[in-house]
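Beneath this line is the structure, given in structure tokens, with notes to follow.
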Amino acid sequence: MTGKIEELLARVEQFNAKTAAEVEEFRIRILGKKGELTALMEEFKSVAPELKRELGQRLNALKNAAQQRIADLREQVQNAASAAAAHIEDKSRPGTAEELGSRHPISLVKNEIIEIFSRLGYTVAEGPEIEDDHHVFSALNFAPEHPARDMQDTFFIERNPDILLRTHTSSIQVRTMERQKPPLRVICPGRVFRNEAISYRAHCIFHQVEGLYIDEGVSFADMKQSLLYFAKEMFGENTVIRLRPSYFPFTEPSAEVDVSCSLCGGKGCNVCKGTGWLEIMGCGMVDPNVLEASGIDPKRYSGFAFGMGVERIAMLKYGVRDLRLYFENDVRFLHQFDSAL
């Protein structure tokens, strides 16, 4: 047993630690209830009576040496930490660059769209993502048999078919018309939901920004000039637009808006499918039935509305080819937008 005591004493005297955790681990290993010194104490109970005096003194010396070594190491570690902290607090020391995160490309484009239209006097309006049939469809002149109400396009709440996840942010426009009197000039950003298969060009969740302007004497020419201004601000001064006739239940006349392809300069490429044009949004003059459903006199007021997908604009602006990249949170993809903050 004498040899075990001497061997343990030597290890105690030679032990060093750099952290408080290492000191505590050493204390438990030597002095803990299941430690090596405790095991020697148990063995001490069975030694011959004539050896107890000598071995007892050696064990006490070992215990005192271990406790003193632990106390010294704790003080040593604490002093080292204090010195490091004092060194960090040196105001004259050069700073280190912190790695900054980046905004998501959807947020970047959405904020840019809002900023552009704010220069034209538009304010931001918001509304709930869980909506009722009236604000999403009925108040927007959708017929009861309109295919957009079908489960293939819309997520309805099973226990209450009148409640659904909004399929467009036009519902915010309806709530704004119900709540405020003209003149109205609002832009409505938000997340929308449609029951679609996920692919590189479609997703069941996406983001829209819609706009609404209602006042006396608002014309189609006003709408065209506003959208031309937006296109030039978003895609560059040389951008031109064209309006193609289309149909939407809540506007009449209606149009699809195309911008000249910035990648090929309108000459035709694989992105614009050789046409030189890229579709970015739908628009039109607000249908009188929509105005009347929200308590606005269509004989006195007129207006226009437009809506665009933020993912679509971001794809065109940044050359993103796969819609799914926006939702995967891959830092390799997101770090590409660090400089766009």
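One distance of note links CZ of F327 with CZ of F206; it measures 9.0 Å at 0.5 Å rounding. Here the SG atom belonging to C188 is positioned 10.0 Å from the CD atom belonging to Q208, to the nearest 0.5 angstrom. Note that the CD1 atom of I296 and the OG atom of S302 stand 11.0 Å from one another [nearest 0.5 Å]. Put simply, CD1 on I205 and CZ on F155 are 7.5 Å apart, with the number rounded to the nearest 0.5 Å. Annotation: the span from M281 atom CE to I313 atom CD1 amounts to 6.0 Å, rounded to 0.5 Å. To the nearest 0.5 Å, the span separating CD1 on I116 from CG on N111 amounts to 11.0 Å.
By the side chain to side chain donor-acceptor pair (under 3.5 Å) test, Q57 pairs with no residue at all, sequence neighbours left out. Judged as a salt bridge (Lys or Arg N to Asp or Glu O under 4.0 Å), and not counting sequence neighbours, the contacts of K317 are E112. With sequence neighbours left out, R11 forms a salt bridge (Lys or Arg N to Asp or Glu O under 4.0 Å) with E7, E36. Shown here are the side chain to side chain contact (heavy atoms under 4.5 Å, CB included) partners of T123, two or more places apart in sequence or in another chain: V186. Residues that satisfy the side chain to side chain donor-acceptor pair (under 3.5 Å) test with T169, not counting sequence neighbours, are E210. Residues forming a salt bridge (Lys or Arg N to Asp or Glu O under 4.0 Å) with R119 (at least two apart in sequence, or on another chain): E115, E233. With sequence neighbours excluded, no residue forms a side chain to side chain donor-acceptor pair (under 3.5 Å) with Q14. Every residue was checked against the ring pair (Phe, Tyr, Trp, His ring centres under 6.0 Å) condition with Y229, not counting sequence neighbours, and none meets it. The salt bridge (Lys or Arg N to Asp or Glu O under 4.0 Å) test applied to E129 returns R191, not counting sequence neighbours.
The neighbour count for Q225 CD, taken as heavy atoms of other residues, nucleotides or ligands under 6.0 Å away, does not exceed 12. By the 6.0 Å contact criterion, NZ on K224 is open, its count of non-hydrogen atoms from other residues, nucleotides or ligands being 12 or less.
When the side chains of ILVMFWY residues are joined at heavy-atom separations under 4.5 Å, either directly or via intervening members, F235 and I113 end up in a single hydrophobic cluster. I198 and M315 fall into different hydrophobic clusters, where Ile, Leu, Val, Met, Phe, Trp and Tyr are joined by side-chain heavy atoms under 4.5 Å apart, directly or via other members. V310 is not connected to V192 by any chain of hydrophobic side-chain contacts under 4.5 Å among Ile, Leu, Val, Met, Phe, Trp and Tyr, and they are in different clusters. Hydrophobic clustering places I241 together with Y213 (ILVMFWY residues linked when any side-chain heavy atoms are closer than 4.5 Å, directly or through intermediates). Criterion: ILVMFWY side-chain heavy atoms under 4.5 Å apart, direct or through other members. Under it, I187 and M285 are part of a common hydrophobic cluster.
A pairwise comparison of heavy atoms in E22 and K18 identifies OE1-N, 2.8 Å as the closest pair. Scanning all heavy atoms of the two residues, the minimum distance from V174 to A139 falls at CG1-CB, 3.7 Å. In this structure, A305 and L212 approach most closely via the heavy-atom pair CB-CD1, 4.2 Å. Residues V77 and A20 share a closest heavy-atom pair of CG1-N, 3.5 Å. Contact record, C283 with L243: SG-CD2, 4.4 Å, taken as the closest heavy-atom pair. Nearest heavy atoms, S199 versus L323: O-CB, 4.2 Å.
Annotation: side chain of M308 is not in contact with side chain of M234 (no heavy-atom distance under 4.5 Å). In this structure, the side chains of V320 and P105 stay at 4.5 Å or more apart for every pair of heavy atoms. A 4.5 Å side-chain heavy-atom check between L108 and Y318 finds at least one atom pair inside the cut-off. Proximity of F304 to S226: side-chain heavy atoms (C-beta onward) are separated by under 4.5 Å at one or more points.
A donor-acceptor pair under 3.5 Å is absent between the side-chain atoms of D132 and the main chain of D162, judged by distance alone. Here the side chain of E311 pairs no donor or acceptor atom with the backbone of I106 at under 3.5 angstrom. Listed for the R194 side chain is a donor-acceptor partner under 3.5 Å among the backbone atoms of T167. A side-chain donor-acceptor contact under 3.5 Å links T275 to the backbone of W277. Distance alone, capped at 3.5 Å, places no donor-acceptor pair between the S170 side chain and the Q173 backbone. Checked by atom type and distance alone, the side chain of R185 pairs as donor or acceptor with a backbone atom of L120 at under 3.5 Å. A donor-acceptor pair is defined here as one N or O able to donate and one able to accept, closer than 3.5 Å; such a pair exists between the side chain of H168 and the backbone of V136. No donor-acceptor pair under 3.5 Å is formed between the side chain of S246 and the backbone N or O of S254. Checking side-chain atoms of R166 against main-chain N and O of P128 turns up a donor-acceptor pair under 3.5 Å. A donor-acceptor pair under 3.5 Å is formed between the side chain of H104 and the backbone N or O of Y326.
Considering I130, I157, T154 as possible partners of L164, the one that fulfils the side-chain contact (heavy atoms from CB on, under 4.5 Å) test is T154.
Taking the six-membered ring wherever Trp is involved, the centroid distance between the rings of Y122 and F230 does not fall below 6.0 Å.
Pairs of residues two or more places apart, or lying in two chains, that qualify as salt bridge (Lys or Arg N to Asp or Glu O under 4.0 Å) and include a residue from residues 278-298 are R244-E279. Pairs engaging residues 63-79 under the salt bridge (Lys or Arg N to Asp or Glu O under 4.0 Å) rule: E24-R74 [sequence neighbours left out].
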Give the C-alpha distance, both sets of side-chain angles, the deciding distance and a yes or no for side-chain contact (heavy atoms from CB on, under 4.5 Å) between F137 and E131.
CA-CA 10 Å; F137 295 127; E131 266 288 7; over 6 Å; no
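Hydrophobic cluster membership of I172, counting Ile, Leu, Val, Met, Phe, Trp and Tyr whose side-chain heavy atoms lie under 4.5 Å apart directly or via other members: none, as it forms a cluster of its own.
Between F333 and F337, the angle of the ring planes goes over 60°, which puts this pair in the perpendicular group of the 30/60° scheme.
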